[in-house]
Amino acid sequence: MFVSTVTNATLLTKKKALQFLETCPNSALGFSIDAATRETYKAIRRVDAFDVVCKNILEYSQLRKAYPKTYLKLQHNINTLNVHEVVEMVRFAKKAEADVVEFNATVGYKTEILVNEGNWRMFAEAEEAAKIEAKKIGQEILFLTPLSLHYGRAAAAEAAAL
């Protein structure tokens with residue numbers, strides 16, 4: 001049986017990680033982080049657990065090497081609070097030996113931090129920078145949605161028409 005789940009890694013101690021791996025040796029474990037720095041993590045998650053999360057992810061990465069049918073992915077929802085950290089997110093994924101790092105534009109009710117008509121360019125630029133870094137260091141990367149959420153399509157169409 002293949003098991004896939006996502007965690008924020010705050011409670012994934014070495015003991016719990018080993019228990020998971022022994023119980024589910026054919027698995028995919030995703031880590032939802034949304035930050036590359038302690039300050040941003042605290043701003044988004046409202047808890048000061050970034051160092052614990054990174055430690056737990058790196059430890060899990062080493063432990064899973066004894067289980068060849070495991071898959072590790074890092075996941076990030078991107079908004080104005082963390083868009084400037086995407087390149088560092090890619091670098092951490094490489095350090096953690098993640099099979100893939102996934103990015104998705106944040107959606108929801110806190111509209112002041114979301115991509116919009118006025119800020120989409122910084123999201124598009126961040127996506128391009130992340131792709132360049134991923135290629136440079138050999139890290140698999142996946143954008144579940146374009147970070148700009150296609151806001152630039154209208155501007156591109158207007159420019160092409162000129």
Side-chain angles (χ1 to χ4, degrees), residues 2-13 16-17 20 24 27-61 70-135 137 139-160:
F2 183 81
V3 175
S4 179
T5 191
V6 178
T7 178
N8 64 15
T10 55
L11 302 176
L12 191 69
T13 62
K16 289 178 183 174
F20 175 78
C24 306
S27 61
L29 190 54
F31 295 95
S32 178
I33 307 173
D34 303 338
T37 65
R38 187 178 194 197
E39 297 76 23
T40 302
Y41 187 90
K42 192 172 179 180
I44 292 172
R45 298 292 178 109
R46 293 175 275 180
V47 293
D48 191 6
F50 183 73
D51 295 335
V52 169
V53 166
C54 291
K55 175 187 153 298
N56 289 348
I57 291 169
L58 293 172
E59 191 167 67
Y60 178 83
S61 177
T70 60
Y71 186 82
L72 187 158
K73 65 181 173 178
L74 301 182
Q75 300 170 299
H76 298 280
N77 288 305
I78 304 301
N79 53 63
T80 60
L81 300 175
N82 63 8
V83 68
H84 62 285
E85 295 183 352
V86 295
V87 170
E88 279 304 313
M89 292 170 181
V90 171
R91 290 178 184 146
F92 181 74
K94 183 67 173 178
K95 181 178 179 179
E97 301 178 65
D99 294 295
V100 68
V101 57
E102 295 178 349
F103 292 96
N104 197 24
T106 302
V107 295
Y109 63 92
K110 288 189 81 175
T111 57
E112 67 276 7
I113 67 168
L114 304 180
V115 63
N116 59 50
E117 191 66 46
N119 66 15
W120 66 268
R121 283 179 182 81
M122 81 170 138
F123 287 85
E125 289 167 4
E127 180 175 333
E128 186 59 27
K131 288 176 180 176
I132 290 168
E133 185 65 16
K135 184 174 182 177
I137 65 175
Q139 175 60 54
E140 186 72 27
I141 190 170
L142 177 64
F143 289 88
L144 301 176
T145 61
L147 295 185
S148 66
L149 293 179
H150 300 294
Y151 274 102
R153 279 188 181 170
E158 284 179 28

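This chain uses plain numbering: 1 for the first residue, then up along the sequence.
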Asks: Please confirm whether the backbone N or O of L144 pairs with a side-chain atom of N104, one donor and one acceptor, at under 3.5 Å?
Replies: no
Asks: Nearest 0.5 Å, please: how far is CD in Q139 from NZ in K131?
Replies: 15.0 Å
Asks: Give a yes or no answer on whether the side chain of D48 reaches the backbone of K42 with a donor-acceptor pair at less than 3.5 Å.
Replies: no
Asks: V6: what forms a side-chain contact (heavy atoms from CB on, under 4.5 Å) with it, not counting sequence neighbours?
Replies: S32, Q75
Asks: Which one of V53, N82, D34 satisfies the side-chain contact (heavy atoms from CB on, under 4.5 Å) criterion with Y41?
Replies: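 Exactly one option meets the side-chain contact (heavy atoms from CB on, under 4.5 Å) with Y41, and it is V53.
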Asks: How long is the straight-line distance from NZ of K95 back to CG of L74, given to the nearest 0.5 Å?
Replies: 12.0 Å
Asks: For residues N79 and V115, determine if any side-chain heavy atom of one lies less than 4.5 Å from a side-chain heavy atom of the other.
Replies: no
Asks: For Y60 and F31, I'd like to know if the aromatic rings sit close, meaning centre-to-centre distance below 6.0 Å.
Replies: yes
Asks: Before you tell me yes or no, could you show the steps for T10 and R45 under side-chain contact (heavy atoms from CB on, under 4.5 Å), namely the whole-Å CA-CA distance, both residues' side-chain angles and the distance that decides it to 0.1 Å?
Replies: CA-CA 11 Å; T10 55; R45 298 292 178 109; over 6 Å; no
Asks: When rounded to the nearest 0.5 angstrom, what distance separates CG in L12 from CG in N56?
Replies: 5.5 Å
Asks: With a 4.5 Å cut-off on side-chain heavy atoms, are L142 and K73 touching?
Replies: no
Asks: Distance from L114 atom CG to N77 atom CG, nearest 0.5 Å?
Replies: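 If I round to the nearest 0.5 Å, the distance is 10.5 Å.
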Asks: List the atom of V87, the atom of A130, and the distance in Å for their closest heavy-atom pair.
Replies: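 Scanning both residues, the minimum pair turns out to be CG2-N, 4.1 Å.
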Asks: Is it the case that the side chains of T37 and E88 hold a donor-acceptor pair, with the cut-off being a distance below 3.5 Å and no angle test?
Replies: no
Asks: Mind checking whether H84 and T40 have side chains closer than 4.5 Å, heavy atoms only?
Replies: yes
Asks: Would you say V107 and T145 make side-chain contact, with heavy atoms under 4.5 Å?
Replies: no
Asks: Side chains of F123 and V86: closer than 4.5 Å at any heavy-atom pair?
Replies: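 No; the side chains remain at least 4.5 Å from each other.
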Asks: Is K16 close to L11 at the side-chain level, that is, under 4.5 Å between some pair of heavy atoms?
Replies: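 Contact flag for L11/K16 side chains = yes.
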Asks: Which distance, rounded to the nearest 0.5 Å, do you find between the CD of E125 and the CH2 of W120?
Replies: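 Nearest 0.5 Å value for the CD-CH2 distance: 8.5 Å.
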Asks: Using every non-hydrogen atom in the two residues, find where E117 and Y151 come nearest and quote the distance to one decimal.
Replies: OE1-CD2, 3.4 Å
Asks: To the closest 0.5 Å, what do you measure between CD (E97) and CG (D99)?
Replies: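 Answer rounded to 0.5 Å: 9.5 Å.
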Asks: Any ring pair (Phe, Tyr, Trp, His ring centres under 6.0 Å) pairs touching residues 95-114, not counting sequence neighbours?
Replies: H76-F103, F103-F143
Asks: Restricting to non-hydrogen atoms, name the atom on I57 and the atom on A96 that form the minimum distance, rounded to 0.1 Å.
Replies: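 In this case the closest contact between I57 and A96 is CG2-CB, 3.9 Å.
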Asks: Taking the side chain as C-beta and beyond, is there a heavy-atom pair between I113 and T80 under 4.5 Å?
Replies: yes
Asks: Taking all heavy atoms of P146 and all of A105, pick out the closest pair and write down the distance.
Replies: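 Scanning both residues completely, I find the closest heavy atoms to be O-CB, 4.2 Å.
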